[in-house]
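In what follows, a structure is listed as C-alpha coordinates, so that the remarks can point back to it.
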Amino acid sequence: MRITEVANKLNISPRAIRFYEEKGLLSPAKHRDNQYRDFSEQDVWRLQTVISLREAGMPIADIRSALAGMGDNDAGELQYYLELQRSVMMSEWLQIKQVIETTERMIALVKSERSLPLEHIFRLAEASKELREHRGNWQDKWDFDLLASTHDERVAENQGNYADYDRALDLIAERVRPKDNELGLDIGTGTGNLAARFKQAGARMSGVDQSKEMLRLCQVKHPGLETRVGNFLALPYLEEQFDFVVSSFAFHHLGPEQQLLSLDEMKRVLKSNGRIGIADLMVSGIPADSADSVASRSQPPECIDLDRLLPWFADNGFRADVQRVNEWLHVLCAYKEVESLD
DNA sequence: ATTCTTACA
DNA sequence: TGTAAGGA
(Lines give C-alpha, C1' and ligand atoms only; values in the text may rest on other atoms or scores of the structure.)
Protein backbone atom coordinates (compact mmCIF):
# COMPACT_ATOMS: atom_id res chain seq x y z
CA MET A 1 0.00 0.00 0.00
CA ARG A 2 1.15 3.48 -0.76
CA ILE A 3 1.29 6.20 1.80
CA THR A 4 -1.79 8.12 0.69
CA GLU A 5 -3.96 5.05 0.73
CA VAL A 6 -2.82 4.14 4.21
CA ALA A 7 -3.29 7.71 5.35
CA ASN A 8 -6.84 7.80 4.07
CA LYS A 9 -7.76 4.50 5.64
CA LEU A 10 -6.40 5.51 9.02
CA ASN A 11 -7.61 9.09 8.76
CA ILE A 12 -4.30 10.80 9.25
CA SER A 13 -2.10 12.88 6.99
CA PRO A 14 0.79 11.43 5.00
CA ARG A 15 2.96 13.97 6.71
CA ALA A 16 2.12 12.46 10.08
CA ILE A 17 3.12 9.03 8.85
CA ARG A 18 6.47 10.30 7.58
CA PHE A 19 6.90 12.11 10.86
CA TYR A 20 6.42 8.92 12.85
CA GLU A 21 8.90 7.18 10.60
CA GLU A 22 11.39 9.94 11.18
CA LYS A 23 10.95 9.43 14.91
CA GLY A 24 11.76 5.76 14.58
CA LEU A 25 8.27 4.38 15.16
CA LEU A 26 7.94 2.86 11.70
CA SER A 27 10.20 1.52 9.00
CA PRO A 28 8.19 0.67 5.90
CA ALA A 29 10.00 -0.77 2.90
CA LYS A 30 10.87 1.66 0.15
CA HIS A 31 10.84 1.02 -3.56
CA ARG A 32 14.25 0.79 -5.11
CA ASP A 33 13.80 3.28 -7.94
CA ASN A 34 11.45 5.98 -6.70
CA GLN A 35 11.78 5.63 -2.93
CA TYR A 36 8.01 5.28 -2.62
CA ARG A 37 7.05 3.78 0.72
CA ASP A 38 5.37 0.39 0.56
CA PHE A 39 3.32 -0.45 3.65
CA SER A 40 2.77 -4.07 4.56
CA GLU A 41 -0.16 -5.18 6.71
CA GLN A 42 2.16 -5.30 9.65
CA ASP A 43 3.24 -1.75 9.02
CA VAL A 44 -0.37 -0.61 8.93
CA TRP A 45 -1.15 -2.49 12.10
CA ARG A 46 1.82 -0.96 13.84
CA LEU A 47 0.87 2.48 12.62
CA GLN A 48 -2.64 2.05 13.98
CA THR A 49 -1.10 1.18 17.32
CA VAL A 50 0.96 4.36 17.22
CA ILE A 51 -2.14 6.40 16.47
CA SER A 52 -4.10 4.84 19.30
CA LEU A 53 -1.37 5.49 21.80
CA ARG A 54 -0.92 9.04 20.55
CA GLU A 55 -4.62 9.70 20.99
CA ALA A 56 -4.20 8.57 24.55
CA GLY A 57 -1.67 11.33 24.98
CA MET A 58 1.43 9.19 25.12
CA PRO A 59 4.58 11.05 24.06
CA ILE A 60 6.44 9.85 20.96
CA ALA A 61 9.41 8.75 23.01
CA ASP A 62 7.27 6.54 25.24
CA ILE A 63 5.54 5.01 22.25
CA ARG A 64 8.92 4.11 20.86
CA SER A 65 9.95 2.23 23.98
CA ALA A 66 6.54 0.62 24.28
CA LEU A 67 6.72 -0.61 20.72
CA ALA A 68 10.23 -1.88 21.26
CA GLY A 69 8.95 -4.07 24.08
CA MET A 70 6.32 -5.78 22.00
CA GLY A 71 6.84 -7.66 18.80
CA ASP A 72 4.88 -6.82 15.68
CA ASN A 73 1.25 -7.73 15.73
CA ASP A 74 0.99 -8.53 19.41
CA ALA A 75 -2.69 -8.31 20.26
CA GLY A 76 -2.17 -8.97 23.96
CA GLU A 77 0.19 -6.08 24.39
CA LEU A 78 -2.04 -3.81 22.36
CA GLN A 79 -4.96 -4.63 24.59
CA TYR A 80 -2.90 -3.55 27.55
CA TYR A 81 -2.02 -0.24 25.98
CA LEU A 82 -5.59 0.35 24.95
CA GLU A 83 -6.65 -0.32 28.53
CA LEU A 84 -4.06 2.14 29.59
CA GLN A 85 -5.56 4.55 27.12
CA ARG A 86 -9.01 4.06 28.60
CA SER A 87 -7.59 4.62 32.04
CA VAL A 88 -5.92 7.85 31.03
CA MET A 89 -8.97 9.13 29.18
CA MET A 90 -11.11 8.38 32.20
CA SER A 91 -8.80 10.43 34.32
CA GLU A 92 -8.78 13.31 31.84
CA TRP A 93 -12.54 13.12 31.69
CA LEU A 94 -12.74 13.53 35.46
CA GLN A 95 -10.50 16.56 35.32
CA ILE A 96 -12.50 18.09 32.51
CA LYS A 97 -15.59 17.54 34.61
CA GLN A 98 -13.97 19.51 37.40
CA VAL A 99 -13.13 22.35 35.06
CA ILE A 100 -16.73 22.41 33.88
CA GLU A 101 -17.95 22.55 37.44
CA THR A 102 -15.75 25.45 38.42
CA THR A 103 -16.71 27.21 35.22
CA GLU A 104 -20.35 26.80 36.09
CA ARG A 105 -19.75 28.26 39.52
CA MET A 106 -18.06 31.23 37.89
CA ILE A 107 -20.97 31.71 35.54
CA ALA A 108 -23.35 31.66 38.47
CA LEU A 109 -21.21 34.22 40.25
CA VAL A 110 -21.04 36.53 37.28
CA LYS A 111 -24.80 36.29 36.93
CA SER A 112 -25.64 37.19 40.49
CA GLU A 113 -22.97 39.59 41.56
CA ARG A 114 -21.09 41.16 38.77
CA SER A 115 -17.80 40.68 40.44
CA LEU A 116 -15.63 37.67 39.93
CA PRO A 117 -13.44 36.77 42.87
CA LEU A 118 -9.82 36.55 41.87
CA GLU A 119 -9.29 33.31 43.72
CA HIS A 120 -11.82 31.55 41.48
CA ILE A 121 -9.89 32.58 38.42
CA PHE A 122 -6.76 31.15 39.95
CA ARG A 123 -8.54 27.95 40.76
CA LEU A 124 -9.66 27.59 37.19
CA ALA A 125 -6.19 28.35 35.96
CA GLU A 126 -4.72 25.64 38.15
CA ALA A 127 -7.32 23.14 37.07
CA SER A 128 -6.58 23.59 33.40
CA LYS A 129 -2.90 23.57 34.13
CA GLU A 130 -3.25 20.18 35.73
CA LEU A 131 -5.17 19.04 32.70
CA ARG A 132 -2.35 20.05 30.41
CA GLU A 133 0.34 18.55 32.57
CA HIS A 134 -1.57 15.36 32.87
CA ARG A 135 -0.27 14.19 29.53
CA GLY A 136 3.12 13.80 31.14
CA ASN A 137 1.95 11.32 33.73
CA TRP A 138 2.63 8.23 31.73
CA GLN A 139 6.00 7.66 33.29
CA ASP A 140 4.53 6.91 36.69
CA LYS A 141 2.57 4.03 35.35
CA TRP A 142 5.58 2.22 34.00
CA ASP A 143 7.30 1.70 37.29
CA PHE A 144 4.57 -0.40 38.82
CA ASP A 145 5.38 -3.33 36.60
CA LEU A 146 8.77 -3.59 38.18
CA LEU A 147 7.10 -4.27 41.51
CA ALA A 148 4.77 -6.84 40.03
CA SER A 149 7.30 -9.54 39.37
CA THR A 150 8.37 -9.29 42.98
CA HIS A 151 4.85 -9.29 44.32
CA ASP A 152 4.37 -13.01 44.68
CA GLU A 153 7.68 -13.36 46.45
CA ARG A 154 6.84 -10.59 48.83
CA VAL A 155 3.48 -12.12 49.62
CA ALA A 156 5.18 -15.42 50.21
CA GLU A 157 7.68 -13.81 52.53
CA ASN A 158 4.89 -12.28 54.52
CA GLN A 159 4.12 -15.53 56.19
CA GLY A 160 4.35 -13.97 59.59
CA ASN A 161 1.35 -11.79 58.84
CA TYR A 162 -0.29 -14.24 56.55
CA ALA A 163 -2.68 -15.60 59.10
CA ASP A 164 -3.92 -12.14 59.88
CA TYR A 165 -3.99 -11.28 56.19
CA ASP A 166 -6.26 -14.19 55.47
CA ARG A 167 -8.38 -13.44 58.47
CA ALA A 168 -8.79 -9.84 57.36
CA LEU A 169 -9.96 -10.89 53.92
CA ASP A 170 -12.48 -13.25 55.46
CA LEU A 171 -13.66 -10.57 57.78
CA ILE A 172 -14.18 -8.00 55.07
CA ALA A 173 -16.20 -10.47 53.02
CA GLU A 174 -18.25 -11.27 56.04
CA ARG A 175 -18.99 -7.64 56.77
CA VAL A 176 -19.82 -6.54 53.25
CA ARG A 177 -22.03 -9.59 52.75
CA PRO A 178 -22.16 -9.90 48.98
CA LYS A 179 -25.39 -11.25 47.58
CA ASP A 180 -25.80 -13.37 44.50
CA ASN A 181 -25.29 -11.47 41.28
CA GLU A 182 -24.29 -8.27 42.95
CA LEU A 183 -21.59 -6.29 41.20
CA GLY A 184 -18.43 -5.62 43.15
CA LEU A 185 -15.16 -3.85 42.52
CA ASP A 186 -11.83 -4.67 44.12
CA ILE A 187 -9.41 -1.77 43.97
CA GLY A 188 -5.76 -2.66 43.93
CA THR A 189 -6.77 -6.22 43.38
CA GLY A 190 -3.23 -7.44 42.74
CA THR A 191 -3.49 -11.13 42.05
CA GLY A 192 -7.15 -11.14 42.99
CA ASN A 193 -7.11 -12.72 46.42
CA LEU A 194 -9.84 -10.53 47.85
CA ALA A 195 -11.95 -10.44 44.71
CA ALA A 196 -11.91 -14.22 44.55
CA ARG A 197 -13.51 -14.43 47.98
CA PHE A 198 -16.41 -12.28 46.88
CA LYS A 199 -16.76 -14.19 43.68
CA GLN A 200 -17.08 -17.42 45.60
CA ALA A 201 -19.83 -15.80 47.57
CA GLY A 202 -21.75 -15.30 44.34
CA ALA A 203 -20.92 -11.73 43.38
CA ARG A 204 -19.69 -10.69 39.96
CA MET A 205 -16.35 -9.07 40.53
CA SER A 206 -14.20 -6.58 38.72
CA GLY A 207 -10.66 -5.78 39.72
CA VAL A 208 -8.54 -2.71 39.12
CA ASP A 209 -4.80 -2.55 39.43
CA GLN A 210 -2.12 -0.25 38.14
CA SER A 211 0.07 -3.08 36.97
CA LYS A 212 -0.59 -5.24 33.95
CA GLU A 213 1.78 -7.88 35.28
CA MET A 214 -0.26 -8.14 38.42
CA LEU A 215 -3.42 -8.51 36.38
CA ARG A 216 -1.84 -11.12 34.19
CA LEU A 217 -1.13 -13.25 37.25
CA CYS A 218 -4.64 -12.51 38.44
CA GLN A 219 -6.15 -13.76 35.20
CA VAL A 220 -4.24 -17.00 35.54
CA LYS A 221 -5.39 -17.54 39.12
CA HIS A 222 -8.96 -16.35 38.68
CA PRO A 223 -10.09 -16.42 35.05
CA GLY A 224 -13.62 -15.38 35.97
CA LEU A 225 -12.67 -11.92 37.16
CA GLU A 226 -12.96 -8.91 34.93
CA THR A 227 -9.82 -6.87 35.30
CA ARG A 228 -8.87 -3.40 34.17
CA VAL A 229 -5.70 -1.41 34.29
CA GLY A 230 -6.41 1.78 36.15
CA ASN A 231 -5.66 4.32 38.79
CA PHE A 232 -7.29 4.61 42.20
CA LEU A 233 -7.88 8.28 41.60
CA ALA A 234 -9.52 7.75 38.23
CA LEU A 235 -11.31 4.44 38.24
CA PRO A 236 -11.93 3.16 34.72
CA TYR A 237 -15.66 2.77 35.26
CA LEU A 238 -18.70 4.93 34.81
CA GLU A 239 -20.94 6.24 37.58
CA GLU A 240 -23.03 4.00 39.82
CA GLN A 241 -21.92 0.65 38.52
CA PHE A 242 -21.27 -1.33 41.67
CA ASP A 243 -23.12 -2.55 44.71
CA PHE A 244 -19.94 -2.50 46.73
CA VAL A 245 -16.31 -1.48 46.47
CA VAL A 246 -13.59 -3.20 48.45
CA SER A 247 -9.85 -2.89 48.79
CA SER A 248 -7.19 -4.63 50.79
CA PHE A 249 -3.62 -3.60 51.52
CA ALA A 250 -3.59 -1.02 48.79
CA PHE A 251 -5.11 2.09 50.28
CA HIS A 252 -2.14 2.92 52.48
CA HIS A 253 0.01 3.45 49.41
CA LEU A 254 -1.87 6.68 48.80
CA GLY A 255 -1.06 9.93 50.52
CA PRO A 256 -3.58 11.43 52.95
CA GLU A 257 -5.08 13.77 50.38
CA GLN A 258 -5.18 11.08 47.75
CA GLN A 259 -6.98 8.75 50.10
CA LEU A 260 -9.85 11.20 50.31
CA LEU A 261 -9.90 11.65 46.56
CA SER A 262 -9.95 7.91 46.19
CA LEU A 263 -12.98 7.71 48.45
CA ASP A 264 -14.68 10.25 46.19
CA GLU A 265 -13.93 7.96 43.29
CA MET A 266 -15.35 4.95 45.09
CA LYS A 267 -18.50 6.89 45.80
CA ARG A 268 -18.72 7.88 42.15
CA VAL A 269 -18.76 4.33 40.84
CA LEU A 270 -21.00 3.07 43.64
CA LYS A 271 -24.75 2.75 43.31
CA SER A 272 -26.72 5.00 45.63
CA ASN A 273 -26.98 2.35 48.34
CA GLY A 274 -23.50 1.00 47.85
CA ARG A 275 -21.11 -0.32 50.48
CA ILE A 276 -17.41 0.19 51.02
CA GLY A 277 -14.99 -2.22 52.64
CA ILE A 278 -11.33 -1.59 53.31
CA ALA A 279 -8.80 -3.87 54.98
CA ASP A 280 -5.51 -2.21 55.69
CA LEU A 281 -3.04 -0.86 58.20
CA MET A 282 -4.74 1.89 60.18
CA VAL A 283 -4.17 4.01 63.23
CA SER A 284 -6.29 6.48 65.11
CA GLY A 285 -5.72 8.95 67.85
CA ILE A 286 -2.20 9.93 67.00
CA PRO A 287 -1.26 12.33 69.76
CA ALA A 288 -1.00 15.98 68.84
CA ASP A 289 2.65 16.05 69.84
CA SER A 290 3.18 13.33 67.30
CA ALA A 291 6.78 14.05 66.50
CA ASP A 292 8.13 12.01 69.40
CA SER A 293 5.43 9.48 69.93
CA VAL A 294 5.15 8.50 66.28
CA ALA A 295 8.84 7.95 66.14
CA SER A 296 8.66 5.85 69.24
CA ARG A 297 5.88 3.70 67.85
CA SER A 298 7.21 0.52 66.42
CA GLN A 299 6.23 -0.51 62.92
CA PRO A 300 3.95 1.34 60.58
CA PRO A 301 5.81 2.77 57.61
CA GLU A 302 2.75 3.90 55.71
CA CYS A 303 -0.48 3.86 57.58
CA ILE A 304 -4.03 5.08 57.22
CA ASP A 305 -4.99 7.78 59.68
CA LEU A 306 -8.55 6.99 60.68
CA ASP A 307 -9.04 10.41 62.21
CA ARG A 308 -8.71 11.89 58.74
CA LEU A 309 -10.73 9.24 57.00
CA LEU A 310 -13.79 8.82 59.18
CA PRO A 311 -15.10 12.38 58.76
CA TRP A 312 -15.38 11.74 55.04
CA PHE A 313 -17.83 8.93 55.62
CA ALA A 314 -19.94 11.07 57.89
CA ASP A 315 -19.94 13.92 55.37
CA ASN A 316 -20.98 11.63 52.57
CA GLY A 317 -23.83 9.86 54.29
CA PHE A 318 -22.09 6.66 55.24
CA ARG A 319 -22.19 4.87 58.54
CA ALA A 320 -18.71 3.53 59.07
CA ASP A 321 -17.40 1.10 61.62
CA VAL A 322 -13.95 -0.25 62.16
CA GLN A 323 -12.97 -3.66 63.39
CA ARG A 324 -9.55 -4.40 64.69
CA VAL A 325 -7.70 -7.48 63.50
CA ASN A 326 -4.38 -6.82 65.15
CA GLU A 327 -2.55 -3.76 66.42
CA TRP A 328 -2.27 -2.25 62.95
CA LEU A 329 -4.55 -4.24 60.75
CA HIS A 330 -8.16 -3.06 60.69
CA VAL A 331 -11.22 -3.64 58.60
CA LEU A 332 -13.33 -0.61 57.82
CA CYS A 333 -16.83 -1.05 56.49
CA ALA A 334 -19.22 1.69 55.47
CA TYR A 335 -22.88 1.48 54.59
CA LYS A 336 -25.15 4.10 53.22
CA GLU A 337 -27.11 5.68 56.04
CA VAL A 338 -30.78 4.79 55.71
CA GLU A 339 -33.03 7.80 56.05
CA SER A 340 -35.23 7.24 59.04
CA LEU A 341 -38.83 8.13 58.32
CA ASP A 342 -40.29 9.24 61.62
C1' DA B 1 -0.54 12.42 -11.06
C1' DT B 2 2.13 10.92 -7.00
C1' DT B 3 5.55 10.76 -3.79
C1' DC B 4 10.00 12.33 -1.79
C1' DT B 5 13.05 15.43 0.76
C1' DT B 6 14.02 19.64 3.01
C1' DA B 7 13.13 23.86 5.21
C1' DC B 8 10.23 26.65 7.87
C1' DA B 9 6.03 28.05 10.47
C1' DT C 1 2.45 18.44 12.28
C1' DG C 2 0.86 21.73 8.34
C1' DT C 3 2.57 24.04 4.27
C1' DA C 4 5.48 25.10 0.43
C1' DA C 5 9.00 24.31 -2.90
C1' DG C 6 11.71 21.80 -6.29
C1' DG C 7 12.78 17.31 -8.42
C1' DA C 8 12.22 12.46 -9.94
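Letters go in sequence order (proteins before strands), and every chain restarts at 1. Bear in mind the structure is a predicted one, so any value in this text is a computation, not a measurement.
A side-chain donor-acceptor contact under 3.5 Å links A:Q241 to the backbone of A:E239.
Place A:I60 and A:D33 on DNA chain C by their nearest nucleotides, and A:I60 ends up nearer the 5' end. Nearest-nucleotide positions on DNA chain B place A:R2 closer to the 5' end than the other of A:R2 and A:R37.
The aromatic rings of A:W312 and A:F318 lie parallel to each other, with less than 30° between the two planes, well short of the 60° mark.
Across B:dT5, C:dT1, B:dT2, the shortest atom-to-atom separation from the side chain of A:F19 is found for C:dT1.
For A:E21 and B:dT3, the CD to P distance is 14 Å, given to the nearest whole Å. Nucleotide B:dT2 holds its P atom 18 Å from the CE atom of A:M1, rounded to whole Å. B:dT6 atom C1' lies 15 Å from atom CD of A:Q35, rounded to whole Å. In this structure, A:L26 places its CG atom 12 Å from P of C:dT1, rounding to the nearest Å. Rounded to an integer number of Å, the gap from CD1 of A:I3 to C1' of C:dT1 is 13 Å. Separating the CG atom of A:D38 from the P atom of B:dT2 is a distance of 17 Å, rounded to the nearest angstrom. Between the NE2 atom of A:H31 and the P atom of B:dT5 there is a distance of 14 Å, given to the nearest Å. Atom CG in A:N34 sits roughly 13 Å away from atom P in C:dA8 (whole-Å rounding).
Distances shown here put every side-chain N or O of A:R15 at or beyond 4.0 Å from the OP1 or OP2 atom of C:dT3. Regarding contacts with the backbone of C:dT1, a side-chain N or O of A:Y20 is found under 4.0 angstrom from either OP1 or OP2. Taking only side-chain nitrogens and oxygens, A:S13 never comes nearer than 4.0 Å to OP1 or OP2 of C:dT1. The phosphate of C:dA8 has neither OP1 nor OP2 within less than 4.0 Å of any side-chain N or O from A:R32. At the phosphate of C:dT1, OP1 or OP2 sits under 4.0 Å from a side-chain N or O atom of A:R54.
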Please walk me through it: do A:N193 and A:Y165 pass side-chain hydrogen bond (donor to acceptor under 3.5 Å, both in side chains)?
-> CA-CA 10 Å; A:N193 291 334; A:Y165 172 78; 3.0 Å; yes
Taking it one step at a time, do A:S65 and A:D62 satisfy side-chain hydrogen bond (donor to acceptor under 3.5 Å, both in side chains)?
-> CA-CA 5 Å; A:S65 49; A:D62 288 356; 4.6 Å; no
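Between A:F251 and A:F232, the ring centre distance reaches or exceeds 6.0 Å.
Taking a pair to require two hydrogen-bonding distances under 3.5 Å in either a Watson-Crick or a G-U wobble arrangement, B:dA1 remains unpaired.
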